[in-house]
Amino acid sequence: MTLPKGFILAGNRGMTALKSHLLSALQSDPPKPIAKKVCDAVSELAALLLPENAWAELLPFLFRAASGPEAPNLQESALLIFARLADYIAESLLDHLMTIHNLLSTALAHPTSPDVRIAALSAAVNLVQCLPTNADRDKMQDLLPAMMRALTDCLNSGQEASAQEALELLVELAGAEPRFLRRQIGDVVGAMLQISEAAQLEDGTRHLAVEFVITLAEARERAPGMMRRLPQFVGRLFAVLMQMLLDVEDEPAWHTAETEDEDAGEGNNYGVAQECLDRLAIAIGGNAIVPIASELLPQYLSAPEWQKHHAALITLAQIAEGCAKVMLKNLEQVVSMILNGFQHPHPRVRWAAINAIGQLSTDLGPDLQVHYHQQVLPALANAMDDFQNPRVQAHAASAILNFSENCTPEILTPYLDGIVNKLLVLLQNGKQMVQEGALTALASVADSSQEHFKKYYDAVMPYLKAILMNATDKSNRMLRAKSMECISLVGMAVGKDKFRDDAKQVMEVLMSLQGTPMETDDPITSYMLQAWARLCKCLGQDFLPYMSVVMPPLLQSAQLKPDVTITSAESDDDIESDDDSIETITLGDKRIGIRTSVLEEKATACNMLCCYADELKEGFFPWIDQVAPTLVPLLKFYFHEEVRRAAVAAMPELLRSAKLAVEKGQAPGRDESYVKQLSDYIIPALVEALHKVFFQTTTIQEPETEMCSSMLDSLNECMQLSGRLLDENQVRAVSDEIKNVIIASATRKRERSERTKAEDFDADEGELLKEENEQEEEVFDQVGECLGTLIKTFKAAFLPFFDELSVYITPMLGKDKTAEERRIAICIFDDIAEQCRESALKYYDTYLPFLLEASNDENSDVRQAAVYGVGVCAEFGGHVFRPLVGEALSKLNNIIMHPEAKHADNIMAYDNAVSALGKICQFHRDSIDAAQIIPAWLGCLPIKDDKIEAKVVHDQLSSMVERSDTDILGPQSQYLPKIVSIFAEVLCNGTELATDETTKRMRYLGICGTGRAKDSQHLESCVSSLTKHEFPNIWKDAADILDKFIQSLNRSMNHAMVFRIRITENTKAAVGPVGGGDQGHDALLRGAEARTNFAPRISPDCPLAVRIRGLLHHKKLKKARSAATTASSGAASKKRSTTAATPTTTTTSNSNSNSAGSACGGSSSSSTDSCDGAAKQGGGAPDVSEVYRRDFGHTGAEELDSWMFDAAFGQFPALDSFAAVDAVTPPPAASPEDSNAGTPPAEMAEFERIKVERRISASLYAMNGLQEYFDKVFDASACDPLWDLSPLCH
């Protein structure tokens, strides 16, 4: 610290004279007020001179004066100066601690002067806080009994003013150095509780004693779990606080509800008890508090006094936040206890019950809403009918607000009729308090129910507009403000189209108000700012014409200066203590008053500016030049956290607005250089603000992790928007600050780790510590995002910066780090490998072993990041990765083959492992046994959960099929059915699992791109495979695929070739032919007139004919066995056979696939069981529970073993769909002789009709191809005959 200029000019002689005069003044025994002023002057001067060793005579003087009990006033002054200079002289006193100890011990026991004792206590407390080590503090430990005696002596002598000073000092010590009290914690806390229980003492004294114990409980970082080791004291304190809640009287003013004063009848103890119960529950936790509350609450609720019922319900509300986890386990009992209070005869008890429900709706939601809405909402609705007690009505409406905030529209909608009607009734109540409560509740209900509120809009909006336009008196300011809030929220809920006309009227009113002078404390100002922003959200770009009206006053509010007043703590001048908008805090010897209403208006305005920029995007451009200079400096606004949060959130929105405006030509005279200029203004300011988060926290008490995470998130967005506009210096600054963030975060984690070693550390503290570490991981996550952005933007150019950071990143891969740290470090390297490619190869030796090891990490997120990295390295690693292919395959196999591979927690890692396996197949095929591994990879497809990787993998599959990759098609294209099933399932998911380009390739190029005519022999097998595995909702896509393939083959071979698809063996209706739109195919759709074009060359005894005859014969036997079924079964069967004609679900057919739909009423399912399920339900959708699904994409682990690879990647067996093909080939046209051979049996009539209607042309090539398949693959003897047909050839 440097000396002020005036001191330097005064010279040594003047300075010496000043010091001498000050010390002489102290020795002259002036009156106490003057003595305190002299002490202040000496302390201020000494703080400047002592660090420069410029007042050597001061400390000897203070020692002498403090040791002289014969001059108590001088002794008091010396001790007070000691206390104020503790920060400056503590280190210089280390060699004299025993001397100081003895001096303080004597002064604390001064026989006559309580002022000396209090001054000594002040010196002791300040010195203990300033000593650098625990060992030094331990040397002062035995002063604690004397310090406590100084307090009790004051109380015993009736000097409560001095006692309160002593208590304030001890509270300060409890917060700063709680461990100093630990050895005698029982005696100290016991004495404080005794004071708090002493009803004869002043309320202020008792409150300070309670504050001491609460402060000790809250000192978690310095003494974790210490107070939980004293349950008997916690119980006593809890009882004291509940007793204090009884300080409430039945004040008539409360019942009349003429004023907003809800504190009417409440004594001094009541408010203190409320606050302290809340703090105690948060500090100690539910495991310690709930058992105590469970003993006391029933006692209070069974007492006859209404005050005790009231106290019990208030207690439940106050402890809910801190005890939420434990209370949720006993929620039924808690809710029952509160709802009983709704029936109490005293209105203040009913009010307390409503208050409890409202508070629990926030603290225990949404569990409370989900499980108890049927009890709570009717109870609140009934409470709104209590017209004899308007304050109860108003509070019930407010509780509706709390309940609906955590309520889904589905829960709330059934109650809307009753709630809205009751609230409209309350709007017409003569009590303003009730009207305001109703407005707030309506706003919240509309916000929660969204579009469901449309039906009430026409009834509600006229009331709201009437209040807005007519509540013009000063006494109605809040009512009018709340009407603005309600109108804007209702408008957002019902949407622009419904709200548009009324919005114009409302905005005209707001514009007229905008130009009206308002008082600084007028609530309309803040509410109007928020209403304008909501209207903007609702109207979108249509709001732009109003911005010229909105922005000037909004900017004015955002630019408000904080109204701060600083006075001496001992000053008799209060800082407008009767002004509710001013908050006062005492720091040392200073009292600071802050007008919070100004700060709240400023925070609201800043949030609204962010909202406009976010909603209007490029439309906000005209105001950027005014808004940016307003908000950027507020990144370091420390008076109000919400102001700073709004400024942080607005930075990327401003940059985005400018960038979009320039790109879309909506920024006249501006180009990319303007975006660069704005970026250069914003990003360095964010980096500087981020730096100050860590270096000013000791004085500002910054919630470090939360604010740091927000700033990093904003910085990352800004960097993404700026891209290559960032220059090297900015990248350097960001990189350096990321380094600081990592170091600071690691320091905080070490400090938390040290807390686990404390002797009082327990499970509750461990849970709290876990939550803090999770918040810390949010910071690491944002660090990873920022680095990822820099890597993706600058690629290899960023590597020099990465080299500097790698010293801090690589240790994050260690097993001693958390899973989230490991995941983030792996993701950073994944980005390096993916974006820098060849330039990143030098890092493989360091990072790739970590990736392979982490591929089998117990944490699924780590596994996912690791196997993704393995895939990236496989793609870009080239020769560096090749030696590790075997190990990589083994690691991937472990993931894919794991019994729980497709569990919800593991599926993302599984999908990424499949993707990585595909990349190894693609880029390192020469290093693997492709004939085994590629089919194994095919067996894992499709993947569905990681949408990004799904698109990559399915594009890779399409490419392999396009180029007729023999490994993917298999010998004689035996894997084609599986490929078709994959394509069909991917296509039925639209663009979720594949890009538009890939889906086009699958539809038009995927299969037909093979160009191999021999693939045609497998198409019906493909479809049979699809049928067997019962993929839902894929038939149209499957038909389209086959249709395109057939068209391609027709074009390439000049043959007409169409296949008939059988949906299910028990259903007589069938999907129609698939084919192109040419004349030949159109003829097929005309049914009976269709003719085969040529005779197939198939012998009557060929396996195909044998198979078809067997199918029909089996069908006939089955009919005979079921002849004795009941009438109801027959009806059900009839229902099944007719549902295709009257579908319950509409299916769309196109010209290329004239499918009649399935037999299950238009459902896509191909399952026999699903059709039966539909019959059981009367022809509707099938019962999913009765459908057996065997899906290659969802095969369980126990099935994987039969076809997946083992650790050595075993042979991928032939797909069993070929062994189960029900190949139904239509016969040629019947001859007249056949048609006159006699009337077929009844069971054959329907089949013959289908034969005629579904007759399909087939090329000789196709039929011969199928014959070749059956000759080589199909074993007819292995299948039971199902149908019987006459020979195909004569």
Test: [X] and [Y] ion pair at under 4.0 Å:
X	Y	answer
E777	K817	no
E853	K815	yes
D945	K902	no

Under 3.5 Å, side chain of [X] to main-chain N/O of [Y], donor-acceptor pair present?
X	Y	result
W937	C921	no
N406	N402	no
N912	M908	yes
H924	I920	no
K978	L941	yes
N856	N894	no
T789	E785	yes
T995	T991	no
S959	D955	yes
D946	E949	yes

Point to revise | Short side-chain donor-acceptor distance under 3.5 Å, E776 and T705 | key: no

Practice item. State whether a side-chain donor-acceptor pair under 3.5 Å links T818 with E821. Key: yes

Kindly compute the distance separating [atom1] ([X]) from [atom2] ([Y]), expressed to the nearest 0.5 Å.
X	Y	atom1	atom2	result
Y975	I934	OH	CD1	10.5 Å
R645	M707	CZ	CE	4.5 Å
D830	Y847	CG	OH	11.0 Å
C323	I282	SG	CD1	9.0 Å
Y910	L892	OH	CG	11.5 Å
L328	D363	CG	CG	10.0 Å

Exercise for review: For side chain to side chain contact (heavy atoms under 4.5 Å, CB included), just list the numbers for M812 and R822, CA-CA rounded to whole Å, side-chain angles, deciding distance to a tenth of an Å, and then say yes or no.
Suggested key: CA-CA 6 Å; M812 292 166 60; R822 297 199 303 275; over 6 Å; no

Review point. Any chance the rings of Y415 and H373 have centres within less than 6.0 Å?
Key: yes

Review point. Step by step, would you call T362 with E405 a side-chain hydrogen bond (donor to acceptor under 3.5 Å, both in side chains)?
Key: CA-CA 8 Å; T362 299; E405 283 181 342; 4.8 Å; no

Check your understanding: For K329, does the NZ atom have more than 12 heavy-atom neighbours from other residues, nucleotides or ligands under 6.0 Å away?
Key -> no

Review point. Should we say atom CD of E774 is surrounded by more than 12 heavy atoms from elsewhere, each under 6.0 Å from it?
Key: yes

With a cut-off of 3.5 Å and sequence neighbours excluded, list every side-chain donor-acceptor pair involving residues 860-874.
from, atom 1, to, atom 2, distance (Å)
S860, OG, D905, O, 2.9
R863, NH1, D857, O, 2.8
R863, NH1, E858, O, 3.2
R863, NH2, N906, OD1, 2.6
Y868, OH, E834, OE1, 2.8
Y868, OH, E834, OE2, 3.0

List the atom of [X], the atom of [Y], and the distance in Å for their closest heavy-atom pair.
X	Y	answer
S449	P409	O-CB, 4.1 Å
C708	V741	SG-CG1, 4.0 Å
Y844	A833	OH-CB, 4.0 Å
A493	D447	CB-N, 4.5 Å
V370	I411	CA-CD1, 3.8 Å
F780	S745	CE1-OG, 3.2 Å

So [Y] and [X], do their side chains get closer than 4.5 Å, heavy atoms only?
X	Y	answer
M327	L364	yes
S958	F983	yes
M1002	H954	yes
I832	Y843	yes
I791	I828	yes
K944	E992	no
K951	T998	no
R925	D965	yes

Check your understanding: Between E820 and R823, is a salt bridge (charged side-chain N to carboxylate O under 4.0 Å, His left out) present by the stated rule, with each step listed?
Key -> CA-CA 5 Å; E820 185 65 8; R823 183 194 69 80; 2.7 Å; yes

Exercise for review: Dump the intermediate steps for side chain to side chain contact (heavy atoms under 4.5 Å, CB included) on E706 and Q775, then the final yes or no.
Suggested key: CA-CA 7 Å; E706 194 175 348; Q775 292 175 358; 6.0 Å; no

Check your understanding: Considering the options I979, D967, I933, which one meets the side-chain contact (heavy atoms from CB on, under 4.5 Å) requirement together with L938?
Key -> I979

Check your understanding: So V914 and L917, side chain to side chain contact (heavy atoms under 4.5 Å, CB included) or not? Walk me through it.
Key -> CA-CA 5 Å; V914 172; L917 179 60; 5.6 Å; no

Study note, to complete from the structure: Residues passing the side-chain contact (heavy atoms from CB on, under 4.5 Å) test with S448, sequence neighbours excluded, are S404, L412, S444

**Study point:** Test log, rule side chain to side chain contact (heavy atoms under 4.5 Å, CB included), inputs D831 and L787
**Key:** CA-CA 9 Å; D831 286 337; L787 287 177; over 6 Å; no

